[in-house]
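Throughout, a chain's letter reflects where its sequence line sits, starting with A, and its residues are numbered from 1.
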Protein chains: 2
Amino acid sequence: MADLARVAGVSKITVSRALGDSPLVNRETRERIQALAHQLGYKLNVSARNLRLRRSHTVAVIVEMKPSHDRTMLDPYPLVLLGGISQELTAHGYSVLLTTRQGATAAAVQAADGLILLGQGSRQDAVRRFDKLGLPMVVWGAPGEDDEHVVVGSDNRQGGSVVAEHFVRLGRRNPVFVGNPHHPEIFERLNGFVDALAGHGIKPLLIRRDEFTLASGMDAMHSLMDRGVPFDAVFACSDLLAMGAIRALNRLGRSVPGDVSVVGYDDMPLAASFLPPLSSVRQDWQEGGTLLARRVLSMIDGEPAHSEMLGVELIVRET
Amino acid sequence: MADLARVAGVSKITVSRALGDSPLVNRETRERIQALAHQLGYKLNVSARNLRLRRSHTVAVIVEMKPSHDRTMLDPYPLVLLGGISQELTAHGYSVLLTTRQGATAAAVQAADGLILLGQGSRQDAVRRFDKLGLPMVVWGAPGEDDEHVVVGSDNRQGGSVVAEHFVRLGRRNPVFVGNPHHPEIFERLNGFVDALAGHGIKPLLIRRDEFTLASGMDAMHSLMDRGVPFDAVFACSDLLAMGAIRALNRLGRSVPGDVSVVGYDDMPLAASFLPPLSSVRQDWQEGGTLLARRVLSMIDGEPAHSEMLGVELIVRET
DNA sequence: ACAGCAATTGTTATCGATACCTTGATATCG
DNA sequence: CGATATCAAGGTATCGATAACAATTGCTGT
């Protein structure tokens, strides 16, 4: 910048101001300096700027990246979320520092201006650990009972209730919920489902399955049939579970959607091309990322920020 | 650090050295200062350190994050790759700056010590653009004809040849390749496949399909049957294509693996629980990330680095 | 003609850590 | 015993940008 100042015949500070589009410098001078900077290939030294401004213009995103724990790592969604976050932050001159839970003690993370936690849902201890850093923080997931921090997530409760209404509209009277209610987000889906059905005097059956696999979905249907329980609708808390269920039902001689309606969750790409095309609840992950980013930025700017749930959409296909 | 020095009764530089585990300071003093730093909750100012050292201790990772372009965004693999990268870099005191192609002009990226490009395979123009930054750079993908930059990727050629050998071992004489050879990585798979088969006097058929979906795989089989072409083995360059193919074959009255052997690619989680369990070529993405990180670090340290291909593994299941 | 004001540019200090060069104290040697 | 090596620690300058305050210029109104 000093060099640039010399060439332009002005002082360093004028250069600084000119490049920062400050109205304090004459427009002519400003444009001349900007052109010169571009021409000379000048690159701002971010470290120096950060040091002086006492800001890193960086938001640390902490992702659960251990494969096979939960399932986070094997889903494409966190990446879409990251895409949304990245886009929004970049647009505001911030950058994304990606870390795992393990790497989060690194100095660079502590230097961040804000924190976004992904896939830490059930790990309240982890959340608290990062809370201690005293940084603006936003968590992705289901709002906990003790709302100490700002949470952004998709409205799982609504997800449950739209499916319930859908089943009721179809005249189903004996719906089943398949999933792992231990998981906070899925617990919310179950709650929304149960509450909405209760409004119609219906009480669903819960089949707990911890794995999000085809096999697990098939198994659930088999055990249901074995017990001879009557049912005419299945709400699976993942598309894979739903697909497994459909396959098992077909094999057991029950038609979908003739005898049983099935709805999955996430609307994964495969869902549309499954046979029959799967009905599913879709969440807008990109939008979620954007919102997460907006919230941290607000908090960084000292504005108050509140938790928010994003609406979901039931995609009705043939099941 | 100045405060810390005052409290400890030494000078700033001694504190700096003590915290850096420098042998220049007495071990007693060093340990005393470290304990004190911990106790007082001292946090290193990364920006200041970076400024002085003229290094950001940061590697920018540029990911293609536009959904539906290619398919990168909807695959879980880039995230696994990121996991490997992140883990390795963190272990060496570096952090990961995540960006999209769009955001890559940001100042923070130019300040990085190195660059990792993911999912830019076919976009040679983009690669060149980043090359101009003059930073140590490693690209994930297939090695191009003009090997200007260091490339790390899984050995697609080997992927093709192991499948070929597998088919030959099974006595198949009329194999078909389904996929999009326009894609450099897939082009390599095709090459490996064709060359290995040629060694046995077999010439496979190529069916070009650009989409990586179930429907596309089914469609491929239908057009094959319609044309009345004889074939007894299918190598699909994605698991989804393979699953579609199997479904179509079953529907058309041909048994898998009785009449036709089918092998997919990627060994996605679903592959194992598909019915019948899908044979597929597995790549170790985590390992790939680790290797990418190692290469950039080498280059940052001024050591020469060369391209490298990671081995793949054929998982033989029932198809 | 001159105070008063706006517009523009410059001077100096500062953010926090570390490299280079010194200095003082102790140990070792012929 | 003096000279040199070794160890421990400090003084000062520096990385590159920007904030606070200062200074210059030209213009306006009375």
Side-chain angles (χ1 to χ4, degrees), chain A residues 1-38 40-58 93-95 106-113 300-301, chain B residues 1-38 40-58 93-95 106-113 135 300:
Chain A
M1 197 173 256
D3 297 351
L4 205 55
R6 205 174 321 112
V7 177
V10 295
S11 71
K12 287 194 301 177
I13 188 68
T14 304
V15 174
S16 171
R17 290 204 260 248
L19 296 180
D21 269 335
S22 158
L24 277 158
V25 339
N26 191 323
R27 200 179 50 175
E28 248 175 65
T29 327
R30 198 194 315 165
E31 282 166 3
R32 186 166 55 90
I33 295 178
Q34 287 178 352
L36 206 59
H38 185 76
L40 267 61
Y42 166 79
K43 299 261 163 36
L44 176 77
N45 183 318
V46 188
S47 302
R49 198 251 233 104
N50 289 346
L51 172 59
R52 181 67 240 236
L53 298 180
R54 300 151 150 284
R55 271 201 169 194
S56 60
H57 287 277
T58 286
Y94 278 74
S95 27
V109 173
Q110 304 172 343
D113 294 335
I300 290 175
D301 292 342
Chain B
M1 196 173 257
D3 297 351
L4 205 56
R6 205 175 321 113
V7 177
V10 295
S11 71
K12 288 193 301 175
I13 187 69
T14 304
V15 175
S16 171
R17 291 204 259 248
L19 296 180
D21 270 334
S22 158
L24 278 157
V25 355
N26 191 322
R27 200 179 51 175
E28 248 175 66
T29 326
R30 197 193 317 165
E31 282 166 2
R32 185 167 54 90
I33 294 178
Q34 287 177 353
L36 205 59
H38 184 77
L40 267 62
Y42 165 80
K43 300 261 161 42
L44 176 77
N45 183 317
V46 189
S47 302
R49 198 252 234 101
N50 288 346
L51 172 59
R52 182 66 241 234
L53 298 179
R54 299 148 152 284
R55 270 201 167 196
S56 61
H57 287 278
T58 286
Y94 278 74
S95 25
V109 173
Q110 304 172 344
D113 294 336
L135 293 170
I300 291 175

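Rounded to an integer number of Å, the gap from CG of A/Asp21 to C1' of C/dT8 is 17 Å. Look at CG on B/Asn26: it is 15 Å from C1' on C/dG24, rounded to the nearest Å.
Residue-level contact check: B/Val15 touches neither bases nor backbone, having no heavy atom under 4.0 Å from any strand.
Here the side chains of A/Thr14 and A/Ile33 are in contact, with some heavy-atom distance below 4.5 Å. Within the 4.5 Å cutoff, no side-chain heavy atoms of A/Val10 are placed close to those of A/Arg17. You'll find the side chain of B/Gln34 stays beyond 4.5 Å of the side chain of B/His38, heavy atoms only. Between B/Val15 and B/Tyr42, every side-chain heavy-atom pair lies at or beyond the 4.5 Å cut-off.
Residues A/Arg49 and A/Leu44 come closest through the heavy atom pair NH1-CD2, 3.5 Å.
OP1 or OP2 of C/dG10 has at least one side-chain nitrogen or oxygen of A/Thr14 nearer than 4.0 Å.
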| Per-nucleotide protein contact string for nucleotides 14-26 of chain D, where B marks a base within reach and S marks sugar-phosphate only (heavy atoms under 4.0 Å, - for neither) | BBBBBB-------

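Every residue meeting the salt bridge (Lys or Arg N to Asp or Glu O under 4.0 Å) condition with A/Arg6, not counting sequence neighbours, appears here in chain and number order: A/Asp3.
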